[in-house]
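Quick caveat, the model's predicted, so the values are computed rather than measured. Along the sequence shown, the residues carry numbers beginning at 1.
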Amino acid sequence: MDPLAFVLALAPILWLVVALLAFRLPAWKAAAGSFAIACALAMARWGMGPAEVATASLEGFLMALWPIVLVIVAAVFTYNLCVSTGAMDVIGRMIASVSSDRRILALLIAWCFGGFMEGMAGFGTAVAIPAGMLAGMGFDPLTAVLMCLVANGVPTAFGSIGIPTVSLAGLVGLDANGLAFTEALQLSPFYVAAPFLIALIAGRGNTGTAGALERLRGVAPVALASGASFAAACALVAALVGPELAVVVGSLCSLAATAALGARAERSGALDPRFHMDAGAEEPVGAAGALRAWSCFILIFVLLLGTSKLSGPLNAWLAGFSSTATVYCGEAPGSLTFSWVNTPGVWIFAAAVAGGLIQGAGPRRMLSVLAATLRQMAPTAATMLAVLGCAKVMGYAGMISDISAFCIGVTGALFPLAAPWIGAVGAFVTGSGTSSAMLFGPIQLEAATALGTDPYWMVALNELGVAAGKMLSPQTLAIGLASVRVVGRDAELLRAVLPYALGFLVAMSALALAGAWL
């Protein structure tokens, strides 16, 4: 256990924290600085040659470009195209028309629709869009953002068509389906708890001193079904299909269960009239209009499911359109496999183009939306390149091993208690589950090896912690406040969401230790 090696190995990550929180640099600039520090230290302290540093960096860049950046751009392009055609407005009206109870509306929009947006697009859309919708319906703006922050954290591991989990599995060499299923199991209690918390927050509206039991009266069965259906579907899809569709299917199942039980509770008169709100009358959406609005997302679902391992012969045939390369020139190099056809980014682009045509978007509009999306996501792409390059250099140099050895030397068998906190710190600093996975996932794997615990359990704990850290991230808070046009209340929002995040982290630590040593 070498304290100096630990401090120096941690320097790229410490710089990222300082650059983002103290200097308030853009994420891509902060990540580029971390990458430069990692390269310099790898050569000066850990003895890597320039060629080794260059090829390790190149391996990280290539892994970032295909499939991570591809999926990110494809997912956000799909969302932007649906905004351009008006499909997102139609989807929002459909969801808002289900109930007039503020608690059920909050569940439908913050939890179900927010989860769907996280699974399909991510990158702030799952906070910004639902929060704006809720504020437009009459919710207090800060309350609207708070509910979306609580809702958005737990699906983050499977955001943007599962890219945090897919990337993490590829980086540490674990099976993506096995890792996704472990993550889904760990997150299940929080999937069930989140709808109850959202209903409690929504019930604080114009109800005076109504207690927690009063705020849940009539809606508790709906909240339970909302969370349980999400958790069960997410785990099943993660195990059988993989991480790409886990939260998408989970949120859709939750949406169906919440809408059905919510409408039934409203018809039966079981809902307290104090929680009624007038969200505004909207023109009903016909079946044809609904199919047009959802067409991009339906096609994404069909294409990803149809080419998954559930379709064995087709999946095996498509797997032939791939290349494997060894990039790193040093000892014990890893290999990269590029799937040129059967990768989520390709299918999402195909679905977006087909769905856009169904929605009436011509080639000129699609190209315009794509160009705008590329400009919008360029800083994110640069951040991913720098973070993956940094992670690969640190891994090959042995910096990750030194960090892990020191942490295990200090915590010993209690390291699992700290594992979710490490993931939370990564998400808090970067605002990204993928970045947290790239920075800290290898440390969790090293710890699992040293302690002799299940690597899937330990690595998944990083993304478990991300669920809490994402709620507190300054970037996420800023996106939420901007969506409801509120300025200067960041500290107030942070104080409001902090108890929920800390409560999650304490429960996560207990779960982490119990699971590691059972």
Can the ring centres of Phe349 and Trp347 be said to be less than 6.0 Å apart?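 When the ring centroids of Phe349 and Trp347 are compared, they turn out to be at least 6.0 Å apart.
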Are Phe35 and Phe61 close enough that their ring centers fall under 6.0 Å?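 They qualify: ring centres under 6.0 Å apart.
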Any side-chain heavy atom of [X] within less than 4.5 Å of one from [Y]?
{"X": "Val393", "Y": "Tyr328", "value": "no"}
{"X": "Val459", "Y": "Leu168", "value": "yes"}
{"X": "Phe77", "Y": "Met377", "value": "no"}
{"X": "Met117", "Y": "Tyr79", "value": "yes"}
{"X": "Ile300", "Y": "Glu244", "value": "no"}
{"X": "Leu179", "Y": "Asp175", "value": "no"}
{"X": "Trp111", "Y": "Tyr191", "value": "yes"}
{"X": "Ile400", "Y": "Glu446", "value": "yes"}

Could you report the tightest heavy-atom contact between [X] and [Y], atom names first, then the distance?
{"X": "Glu59", "Y": "Gly334", "result": "OE1-O, 4.4 Å"}
{"X": "Gly242", "Y": "Ala180", "result": "C-CB, 4.4 Å"}
{"X": "Pro442", "Y": "Ala437", "result": "CD-O, 3.7 Å"}
{"X": "Ala510", "Y": "Leu417", "result": "N-CD2, 4.5 Å"}
{"X": "Ala419", "Y": "Met458", "result": "CB-CE, 4.3 Å"}
{"X": "Gly433", "Y": "Pro164", "result": "C-CB, 4.0 Å"}

Tyr456 versus Glu183, side-chain donor and acceptor atoms under 3.5 Å: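 Tyr456 and Glu183 do not have a side-chain donor-acceptor pair below 3.5 Å.
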Just checking, any donor-acceptor pair under 3.5 angstrom between side chains of Ser323 and Trp340?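 Note: Ser323 and Trp340 side chains meet the donor-acceptor criterion.
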For [Y], is there any backbone N or O sitting under 3.5 Å from a side-chain donor or acceptor partner on [X]?
{"X": "Glu463", "Y": "Thr165", "value": "no"}
{"X": "Trp66", "Y": "Ser339", "value": "yes"}
{"X": "Trp457", "Y": "Ala512", "value": "yes"}
{"X": "Thr453", "Y": "Thr449", "value": "no"}
{"X": "Ser473", "Y": "Lys470", "value": "no"}
{"X": "Asn342", "Y": "Leu318", "value": "no"}
{"X": "Thr258", "Y": "Leu255", "value": "no"}

What distance separates [X] [atom1] from [Y] [atom2], expressed to the nearest 0.5 Å?
{"X": "Phe440", "Y": "Leu461", "atom1": "CZ", "atom2": "CG", "answer": "14.5 Å"}
{"X": "Glu118", "Y": "Thr156", "atom1": "CD", "atom2": "OG1", "answer": "4.5 Å"}
{"X": "Met147", "Y": "Leu200", "atom1": "CE", "atom2": "CG", "answer": "11.5 Å"}
{"X": "Leu245", "Y": "Leu303", "atom1": "CG", "atom2": "CG", "answer": "10.5 Å"}
{"X": "Leu146", "Y": "Arg204", "atom1": "CG", "atom2": "CZ", "answer": "6.5 Å"}
{"X": "Ile198", "Y": "Tyr500", "atom1": "CD1", "atom2": "OH", "answer": "10.0 Å"}

Take Ser322 and Phe338 through the test side chain to side chain contact (heavy atoms under 4.5 Å, CB included) and record every step on the way to the result. CA-CA 5 Å; Ser322 63; Phe338 301 96; over 6 Å; no
Verdict with supporting geometry, Lys392 and Leu171, side chain to side chain contact (heavy atoms under 4.5 Å, CB included): CA-CA 8 Å; Lys392 283 293 182 180; Leu171 182 65; 3.7 Å; yes
Pair Glu331-Tyr396, side chain to side chain donor-acceptor pair (under 3.5 Å): steps then yes or no: CA-CA 8 Å; Glu331 295 181 6; Tyr396 280 125; over 6 Å; no
Could you check whether the rings of Phe6 and Phe406 sit parallel, tilted or perpendicular, using 30° and 60° as the cut-offs?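 Phe6 vs Phe406 ring planes: parallel.
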Taking only distance into account, with no hydrogens and no angle test, what donor-acceptor pairs under 3.5 Å do side-chain atoms of residues 7-31 form with protein atoms, sequence neighbours excluded?
| unit_1 | atom_1 | unit_2 | atom_2 | d |
| --- | --- | --- | --- | --- |
| Trp15 | NE1 | Ala30 | O | 3.1 |

Between Ser254 and Ser226, is the side chain to side chain donor-acceptor pair (under 3.5 Å) condition met? List the steps. CA-CA 5 Å; Ser254 181; Ser226 188; 3.0 Å; yes
Let's go through Leu493 and Leu149 carefully: what are the C-alpha distance in whole Å and the side-chain angles of both, what is the deciding distance for side chain to side chain contact (heavy atoms under 4.5 Å, CB included) to 0.1 Å, and is it a yes or a no? CA-CA 10 Å; Leu493 180 60; Leu149 291 175; 3.9 Å; yes
I would like to know whether Leu336 and Met63 meet side chain to side chain contact (heavy atoms under 4.5 Å, CB included); could you show each step before the answer? CA-CA 7 Å; Leu336 293 179; Met63 185 178 179; 4.3 Å; yes
